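Just the heavy atoms: all of them, side chains too, but no hydrogens, waters or symmetry mates, feed the values below. Note that the structure is a prediction, hence the values are computed from the model and not measured.
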Amino acid sequence: MGGVEEEGAEFRRPAAAFEGLARFRTFGPDGPLYEVLGVGPNTVRVHVFDNGEEFDYRLDRAINDPVAN
């Protein structure tokens, strides 16, 4: 049964990476601020504060972007 629980925890991990203040990130160390609005299987929906744009962004890139200060 522990294997099923571990698989479930792994499945939830991407969304948990963007909870609380961690949902506010920047595109790279010097890029504009964005907020993660939703998490899909391979992308996240983001809102860019500089220009108000919303679009789908690759999940692996978002996870590696720095959390905003």
Side-chain angles (χ1 to χ4, degrees):
M1 190 72 168
V4 172
E5 290 173 11
E6 290 172 12
E7 287 178 21
E10 184 67 28
F11 179 75
R12 287 189 303 269
R13 192 165 290 142
F18 302 106
E19 290 177 354
L21 293 177
R23 74 181 187 271
F24 297 98
R25 296 181 179 248
T26 60
F27 293 107
D30 299 318
L33 176 68
Y34 69 89
E35 178 181 9
V36 174
L37 302 174
V39 180
N42 299 311
T43 62
V44 292
R45 185 74 179 172
V46 301
H47 170 82
V48 181
F49 286 97
D50 285 358
N51 59 15
E53 186 178 2
E54 288 187 13
F55 60 92
D56 292 330
Y57 183 53
R58 284 180 36 184
L59 176 62
D60 60 331
R61 289 186 178 178
I63 286 174
N64 289 313
D65 279 340
V67 175
N69 294 329

Looking only at heavy atoms, which two atoms of [X] and [Y] are closest? And how far apart?
{"X": "Ala22", "Y": "Ala17", "result": "CB-O, 3.4 Å"}
{"X": "Arg23", "Y": "Phe18", "result": "CB-O, 3.0 Å"}
{"X": "Leu59", "Y": "Pro41", "result": "CD2-O, 3.7 Å"}
{"X": "Gly28", "Y": "Asp65", "result": "N-OD1, 3.3 Å"}
{"X": "Leu21", "Y": "Val67", "result": "O-CG1, 4.0 Å"}

* **Enclosure of Asp50 CG (heavy-atom neighbours >12, cutoff 6.0 Å)** => yes
* So with a 6.0 Å cut-off around CG of Asn69, is the heavy-atom count from everything else above 12? -> no
* Distance in Å, Tyr34 OH paired with Tyr57 OH, rounded so as to fall on 0.5 Å steps -> 5.0 Å
* Structure fact -> To the nearest 0.5 Å, atom OG1 of Thr26 lies from atom CZ of Phe49 at 12.5 Å
* To do: For Arg61, check side-chain hydrogen bond (donor to acceptor under 3.5 Å, both in side chains) against everything at least two apart and list the hits.
  => none
* **Residues in side-chain hydrogen bond (donor to acceptor under 3.5 Å, both in side chains) contact with Glu54, at least two apart in sequence or another chain** => none
* Under the 3.5 angstrom rule, does the side chain of Arg25 hit a backbone N or O of Ala62 as a donor-acceptor pair? -> yes
* Asked: According to a 4.5 Å side-chain heavy-atom criterion applied to Ile, Leu, Val, Met, Phe, Trp and Tyr, with indirect links allowed, do Phe24 and Phe27 form part of one hydrophobic cluster?
  -> no
